[in-house]
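Notes follow once the structure below has been shown.
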Amino acid sequence: MSDKPPVVRIAPSPTGDPHVGTAYIALFNYAFAKQRGGTFILRIEDTDQVRSTRQSEDAILDALRWLGIQWDQGPDTGGPAGPYRQSERLPIYREHVQTLLDTDKAYWCTCTAERLDGVRKEQMARKENSGYDGHCRFRDQATVKAEMAAGTPGVVRLRVPRGSGDPKAGADASSDAVVVVINDLLRKPVEINTREVDDQVLLKSDGFPTYHLANVVDDHLMGVTHVLRGEEWISSTPKHVLLYQSFGWQHPEFAHLPLLRNQDKSKVSKRKNPVSLNWFREAGYLPDAMVNFLGMMAFTFEDGREIFSLDDFVQHFTLDRISLGGPVFDLKKLLWLNGRYLREKRSDHELVQHLKAQLFTDDYLLQVVKVCKERFEKSEDFLAYAPWFFTGSVDAPATELLIKGKTRKESMALWEVLVDKVDNAFDWRFDAVDALLKSWCEDSGMTPKEAFMPLRWIVTGKKATPPLPESLTVLGRERVRTRIRAGLESLKKLPDPPAETATPPSKPEPKTSATPQT
RNA sequence: GUUCCCAUCGUCUAGAGGCCCAGGACAUUGCCCUUUCACGGCAAUGACGGGGGUUCGAAUCCCCCUGGGAACGCCA
C-alpha cells in the first residue's frame, strides 16, 4: 500500500431514512482516512430521479453529524472536486459517456423493457446467469440512432470485452477468455470471466447516469484511492474495473466490508430490525454508544477493549483486524453499551440535559399539552393519562389488536399495510398523517370506526386517548412505526383460533382477498 | 437457477500449526451485595458444521461436501 494520504468516500443515495448500514460504512471509511491524514468525502448519489429526495439527503447528513462522523468535502461544505451531488454533475457524465462512445467502448441500445424481461426469463429458464444478450451491440449504430431520432428512448451500454467461448460475444470475441481479476484488500484475488459480466447500462434514457458510471467517474475525478464499501458490491466490481480500463484509468483499491445482518443472517432490513438512525436517536441511544457499537461490528481492538471512543477507533482501526463473517446487529448488546455510557460517561447533570432534550423539550410538551389539555384536571392526572407519549413501547392486549370483523391473519395483513405506509411517509405533518390514516381505511375497505379503536390500542396501549391523527402526529413516525411492529409481533404469538366473532373457524380459508365487501 | 463471498459459544468475537480438552464481552442461569428494583461482584451453562488430506502436531494450511449470505434492474 502506498503511504500517500488516502482519499475515501461514503456515497449514500438519498432515498429514505438514514440507515445504520450507511453509518457503519461511513465510520470505517472515516477512520481509515483520518488515521493516515487522508480525506473523507461525502458524495450524494442521487441519480435515481424518482426516489431521491432532498429531505432524505438532509436527514442523512444530519444523522452522520450526530454521530460525529465529519466529512472533509461534501455537498454542504464544498471542496475542490465538487459538486458533490451527482445530479449536479450531469454534464460531466455525458462528456465521459461520449468518450466511451467515440472509442467504441460503449454503444447505444433501444431495447424495450419488455424485450429485456423476455430475455431475462429465457435465461433463467435455461439456468444461465441473466444479463443483456447484446442485441443492440451488434446492430448498426446508425440504425439505432435513427430509431432514437424518431422518438424511441435509448440507453448507452458498456461494450464488455468478451472471449471466444462467450455466447454473448458475437463478432467481436477475442480469441481467449477475458478474465477480470479483483484484488480485494480483505480477500484472495477473485477471477471473473467477462462472460458473467453484463453489458451494463451507463446512461439511462432520462439522461442520468447509472450508479456504475457515476460512481467510477466520480471516484476517479475526486481522486479516491480506496473504496471501502459493502460486500453487496462485490459482484459488480468487475463492471467497475472494466469501466476504469475503458477510460484508461487506474482503479482504486477495493475492500468490501461484511454486511450487517438481521437475527436470521439476512442483510439487515427495516422489516426485521430498526435500521433508521433517527429511530435510535429518538429512542434515546447516545451517539458515542452508537459509534462504539458500530465499531465492534466486524472489528476488534488488538488489546480486546470493547469500550472505545470515536478517536480511539480512528487511532486503532486497521483493515487487518476485520473479520469477514457478517455480524448480526444485536440490539441487546447495544442496549447494554448504551446503559454503560449513560451511567459511566455522563454526569448527573448531563443526564438531566439528555432527558430533557430527549423526552421533555418545551416543543414536545407543548404539542402534547395541546392535544390533551381538555382531558386532565390536575397535573398528576396528566402522566396517568398520557404516559405513552413518553415511553418507548406500550403494552396492549393482543386481542384488542384484532380489527373488527377480521381474522387474526387479516388483521396482521392490515397492520402490515399500515406499516408500509408509515415507512414511506416522509411527511409527518398533521395533514399528511390524517390523509395516511384515511387512505389506509379506504384502501382496505374499513370505516374509521372499525379501524381506529384497534389502532388506538396498538399505538397507545390505551382505550381512551386524544384523537388519533393528532396523537400520532405528535408521537412521531418512528414511535408509531415501532409500536405497530411490536403489536404485530404480539399478534403473531396470539393463538390462532381466539374468540373470533366474524369468521366461523375451521379451515384457514382459501386465500380470500384482503379487501373484502364494500 | 447462475456467479461470487463467507463459516469458532444463541450473539459480537480472540485465535495467523504446538501457549487452546479454545479466551473475552452481551444474553441466559445461580450466588453475593441490598428494605425493593437496578447497578456492581462472583460463578455456571455454552462453540471450532461434516469428511478427507498435509504435518510429529490443525480451530489455524489444502480439497470436497454441507450450511449461510449477496448479486444477477434504465435502484443504488
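Every value quoted in this text rests on a predicted model; they were computed, and no experiment measured them.
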Exercise for review: To the nearest 0.5 Å, tell me how far A:Leu202 CG sits from A:Cys109 SG.
Suggested key: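 It is 11.0 Å, given to the nearest 0.5 Å.
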
Review point. Can you tell me how far the CZ atom of A:Arg477 sits from the OG1 atom of A:Thr482, to the nearest 0.5 Å?
Key: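 So the CZ of A:Arg477 and the OG1 of A:Thr482 are separated by 10.5 Å.
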
Is there a side-chain contact between [X] and the phosphate of [N], meaning an N or O under 4.0 Å from OP1 or OP2?
{"X": "A:Arg261", "N": "B:A7", "value": "no"}
{"X": "A:Lys239", "N": "B:C72", "value": "no"}
{"X": "A:Lys188", "N": "B:C6", "value": "no"}
{"X": "A:Lys267", "N": "B:A71", "value": "yes"}

Send over the distance from [X] [atom1] to [N] [atom2], rounded to a whole Å.
{"X": "A:Asp320", "N": "B:A14", "atom1": "CG", "atom2": "P", "result": "12 Å"}
{"X": "A:Phe329", "N": "B:G69", "atom1": "CZ", "atom2": "C1'", "result": "18 Å"}
{"X": "A:Arg340", "N": "B:A27", "atom1": "CZ", "atom2": "P", "result": "11 Å"}
{"X": "A:Trp336", "N": "B:G24", "atom1": "CH2", "atom2": "C1'", "result": "11 Å"}
{"X": "A:Tyr93", "N": "B:C74", "atom1": "OH", "atom2": "P", "result": "19 Å"}
{"X": "A:Leu186", "N": "B:A16", "atom1": "CG", "atom2": "P", "result": "19 Å"}
{"X": "A:Glu191", "N": "B:C4", "atom1": "CD", "atom2": "P", "result": "11 Å"}
{"X": "A:Ile322", "N": "B:G15", "atom1": "CD1", "atom2": "P", "result": "13 Å"}

Taking only the side-chain heavy atoms of [X] (C-beta and beyond), determine which of [options] contains the nearest atom.
{"X": "A:Asp198", "options": "B:G73, B:G40, B:C5", "answer": "B:G73"}
{"X": "A:Glu306", "options": "B:U13, B:C74, B:A25", "answer": "B:A25"}
{"X": "A:Arg187", "options": "B:U3, B:A71, B:C6", "answer": "B:C6"}
{"X": "A:Val328", "options": "B:A76, B:G73, B:C12", "answer": "B:C12"}
{"X": "A:Glu232", "options": "B:A70, B:U11, B:U13", "answer": "B:A70"}
{"X": "A:Leu116", "options": "B:C74, B:C4, B:G68", "answer": "B:C74"}
{"X": "A:Val201", "options": "B:C6, B:A71, B:C74", "answer": "B:C74"}
{"X": "A:Met296", "options": "B:A76, B:U13, B:C12", "answer": "B:C12"}
{"X": "A:Ser323", "options": "B:A76, B:U13, B:A70", "answer": "B:U13"}
{"X": "A:Met297", "options": "B:C12, B:A71, B:C74", "answer": "B:C12"}

For [X], which contact category applies under a 4.0 Å heavy-atom criterion: base, sugar-phosphate, or nothing?
{"X": "A:Ser52", "result": "nothing"}
{"X": "A:Ser266", "result": "sugar-phosphate"}
{"X": "A:Gly304", "result": "nothing"}
{"X": "A:Arg305", "result": "nothing"}
{"X": "A:Ala298", "result": "sugar-phosphate"}
{"X": "A:Ser236", "result": "nothing"}
{"X": "A:Val155", "result": "base"}

Ion pair [X]/[Y], N-O distance below 4.0 Å:
{"X": "A:Asp303", "Y": "A:Arg305", "value": "yes"}
{"X": "A:Arg481", "Y": "A:Asp423", "value": "yes"}
{"X": "A:Asp264", "Y": "A:Lys272", "value": "yes"}

Watson-Crick or G-U wobble partner for [N], using a 3.5 Å limit on both distances?
{"N": "B:C56", "result": "B:G18"}
{"N": "B:A7", "result": "B:U66"}
{"N": "B:A38", "result": "none"}
{"N": "B:C48", "result": "none"}
{"N": "B:U29", "result": "B:A43"}
{"N": "B:C72", "result": "B:G1"}

Review point. Which atom pair, heavy atoms only, marks the closest approach of A:Gln55 to A:Phe426?
Key: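 Closest approach of A:Gln55 to A:Phe426: NE2-O, 3.3 Å.
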
Practice item. Between A:Glu45 and A:Ser235, name the one whose nearest nucleotide on RNA chain B is closer to the 5' end. Key: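 Result: A:Ser235.
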
Review point. Which sits closer to the 5' end of RNA chain B, A:Asp330 or A:Leu259, going by the nucleotide each is nearest to?
Key: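 Closer to the 5' end of RNA chain B: A:Asp330.
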
Expressed in whole Å, how much space separates the [atom1] atoms belonging to [N] and [M]?
{"N": "B:A22", "M": "B:U3", "atom1": "C1'", "answer": "36 Å"}
{"N": "B:G15", "M": "B:C31", "atom1": "P", "answer": "36 Å"}
{"N": "B:A59", "M": "B:C9", "atom1": "P", "answer": "15 Å"}
{"N": "B:U60", "M": "B:U8", "atom1": "P", "answer": "12 Å"}
{"N": "B:A44", "M": "B:A27", "atom1": "C1'", "answer": "14 Å"}
{"N": "B:G24", "M": "B:C65", "atom1": "C1'", "answer": "33 Å"}
{"N": "B:G68", "M": "B:U36", "atom1": "C1'", "answer": "46 Å"}
{"N": "B:G10", "M": "B:G50", "atom1": "P", "answer": "13 Å"}

Review point. Once the angle between the rings of A:His212 and A:His240 is folded into 0 to 90°, is it parallel (under 30°), tilted (30 to 60°) or perpendicular (over 60°)?
Key: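 If you compare the ring of A:His212 with that of A:His240, the planes turn out tilted.
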
Exercise for review: Scan side-chain atoms only and decide if A:Tyr341 and A:Asn292 contain a donor-acceptor pair under the 3.5 Å cut-off.
Suggested key: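 Side chains of A:Tyr341 and A:Asn292: pair found under 3.5 Å.
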
Review point. Do A:Ser309 and A:Asp311 have side-chain atoms, one donor and one acceptor, less than 3.5 Å apart?
Key: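 Short answer, no.
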
Practice item. Using only heavy-atom distances, decide whether a donor-acceptor pair under 3.5 angstrom links the side-chain of A:Lys333 to the base of B:A25. Key: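 Per atom types, the contact qualifies.
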
